[in-house]
Q: 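My questions all concern the structure below.
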Amino acid sequence: MPTRAVPPATAQMATHQFPRHRRSVRRARAALREQLAIWHVAGELIDRATLLLSELTANAVNAKTTPGREVRVRFVLSGRELRVEVADASDEQPVRRRASDDDESGRGLALVAALADAWGVEQRKVVGKVVWALILLVPPEGDA
């Protein structure tokens, strides 16, 4: 597991489980907004984090897996980083597609790549995967 996956002791964390149902995307967004308010994270970062979580959760809800499995979302605030994670029971890796102008779907991972400062996929120990996105809360030094 990469070092980034292990938050330092000072990290604040919240985890939620949801059924694999499209309504869970809305519920996950609401949970994130509530948690960010508790952590006093405000501004554009809320919208950016919410959109990232929406895309990752929608992919997890639509992943091919055994019926009845749940989706786990986790938010980790550590220093200057906010990490949103979505775990599902599918071993199928997300694939970034090139959607045509007429396609009604297929742009989710392109949005994630554009909005996240970093993102990736990690295999879970038993079954499934965790797809995560990282947002830096302050710009790196040298950026204006």
Side-chain angles (χ1 to χ4, degrees), residues 1-99 104-144:
M1 182 182 279
T3 306
R4 267 197 202 290
V6 181
T10 59
Q12 301 175 71
M13 193 176 334
T15 304
H16 302 271
Q17 296 268 133
F18 299 106
R20 272 187 54 239
H21 191 278
R22 65 180 182 216
R23 285 186 301 242
S24 295
V25 177
R26 179 175 35 87
R27 293 174 62 204
R29 282 193 310 258
L32 176 60
R33 285 183 181 276
E34 183 178 317
Q35 190 61 53
L36 292 177
I38 291 168
W39 289 338
H40 305 287
V41 174
E44 173 271 337
L45 290 169
I46 294 173
D47 294 332
R48 193 167 148 206
T50 302
L51 181 54
L52 287 166
L53 180 66
S54 291
E55 294 300 332
L56 299 181
T57 306
N59 284 351
V61 164
N62 293 321
K64 294 176 184 165
T65 187
T66 308
R69 297 288 186 154
E70 292 188 323
V71 173
R72 186 198 80 215
V73 298
R74 185 167 82 150
F75 322 127
V76 181
L77 181 63
S78 175
R80 300 178 350 187
E81 298 178 347
L82 172 66
R83 179 173 159 134
V84 294
E85 302 177 350
V86 180
D88 63 51
S90 173
D91 289 324
E92 192 173 280
Q93 295 294 301
V95 177
R96 190 170 164 188
R97 297 188 311 150
R98 183 170 293 235
E104 293 182 12
S105 64
R107 294 174 183 81
L109 289 179
L111 279 171
V112 170
L115 294 174
D117 291 301
W119 74 280
V121 182
E122 299 167 359
Q123 289 304 122
R124 293 170 71 188
K125 290 181 180 169
V126 178
V127 64
K129 65 186 172 299
V130 175
V131 183
W132 56 269
L134 186 71
I135 298 174
L136 299 177
L137 301 181
V138 293
E141 282 190 38
D143 285 2

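Here, residue 1 is the first one in the sequence, and each next residue gets the next number.
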Q: Please name the pair of heavy atoms, one in V84 and one in F75, separated by the smallest distance, quoted to 0.1 Å.
A: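 Looking at all heavy atoms of both residues, the shortest contact is CG1-CD2, 4.1 Å.
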Q: Within a strict 4.5 Å, meaning less than it, do heavy atoms of the R69 and V127 side chains meet?
A: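 The answer is yes, as the side chains (C-beta and beyond) meet within the 4.5 Å cut-off.
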Q: Return a table of donor-acceptor pairs under 3.5 angstrom between the side chains of residues 24-37 and protein atoms on other chains or two or more places apart.
A:
| from | atom 1 | to | atom 2 | distance (Å) |
| --- | --- | --- | --- | --- |
| S24 | OG | P19 | O | 2.6 |
| S24 | OG | H21 | O | 3.3 |
| R29 | NH1 | S54 | OG | 3.3 |
| R33 | NH2 | D47 | OD1 | 3.4 |

Q: Looking at R124, I want to see if its CZ is surrounded by more than 12 non-hydrogen atoms of other residues, nucleotides or ligands under 6.0 Å.
A: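 Atom CZ in R124 is crowded, with more than 12 foreign heavy atoms closer than 6.0 Å.
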Q: If you compare all heavy atoms of D91 against all heavy atoms of G128, which two are closest, and at what distance to 0.1 Å?
A: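 Here D91 and G128 meet closest at OD1-N, 2.8 Å.
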Q: Go through V73 and L53 one step at a time and tell me if the side chain to side chain contact (heavy atoms under 4.5 Å, CB included) criterion holds.
A: CA-CA 8 Å; V73 298; L53 180 66; 4.0 Å; yes
Q: List for me each residue that meets side chain to side chain donor-acceptor pair (under 3.5 Å) alongside R48, sequence neighbours excluded, and say none if there are none.
A: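 R48 satisfies side chain to side chain donor-acceptor pair (under 3.5 Å) with D117 only.
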Q: Are L136 and R80 packed together at the side-chain level, in the sense that at least one heavy-atom pair is separated by less than 4.5 angstrom?
A: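 No. Closest side-chain heavy atoms not under 4.5 Å.
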Q: With sequence neighbours left out, write down each residue that passes side-chain contact (heavy atoms from CB on, under 4.5 Å) with Q17, or none if nothing qualifies.
A: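 With neighbours one apart ignored, the set is E70, R72.
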Q: Minimum heavy-atom separation for L52 and V112, please, with both atom names.
A: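 Where L52 meets V112 most closely, the heavy atoms are CD2-CA, 3.6 Å.
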Q: If you apply the rule side chain to side chain contact (heavy atoms under 4.5 Å, CB included), what do you find for W132 with V76, and how did you get there?
A: CA-CA 11 Å; W132 56 269; V76 181; over 6 Å; no
Q: Any carboxylate oxygen within less than 4.0 angstrom of a Lys/Arg side-chain nitrogen, looking at R83 and E85?
A: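 Salt bridge between R83 and E85, a charged N being under 4.0 Å from a carboxylate O: yes.
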Q: For N62, which residues count as a side-chain contact (heavy atoms from CB on, under 4.5 Å) partner, sequence neighbours excluded?
A: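 Testing N62 for side-chain contact (heavy atoms from CB on, under 4.5 Å), a comparison that skips the adjacent residues, returns none.
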Q: May I ask you to test the N59-D88 pair for a side-chain heavy-atom distance under 4.5 Å?
A: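 With C-beta onward as the side chain, the pair stays apart.
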Q: How far does CH2 of W39 sit from CG of L137, to the nearest 0.5 angstrom?
A: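 The CH2 atom of W39 sits 10.0 Å away from the CG atom of L137.
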Q: Grab the two heavy atoms, one from V86 and one from A60, that are nearest each other, plus how far apart they are.
A: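 Scanning both residues completely, I find the closest heavy atoms to be CG1-CB, 3.5 Å.
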Q: Check for a donor-acceptor pair, side chain of K129 on one end and backbone N or O of S90 on the other, with a separation under 3.5 Å.
A: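 Looks like yes, one N/O pair under 3.5 Å.
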Q: Taking side-chain contact (heavy atoms from CB on, under 4.5 Å) as the definition, give me every residue that meets it alongside V126, ordered by chain and number, with sequence neighbours left out.
A: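 None.
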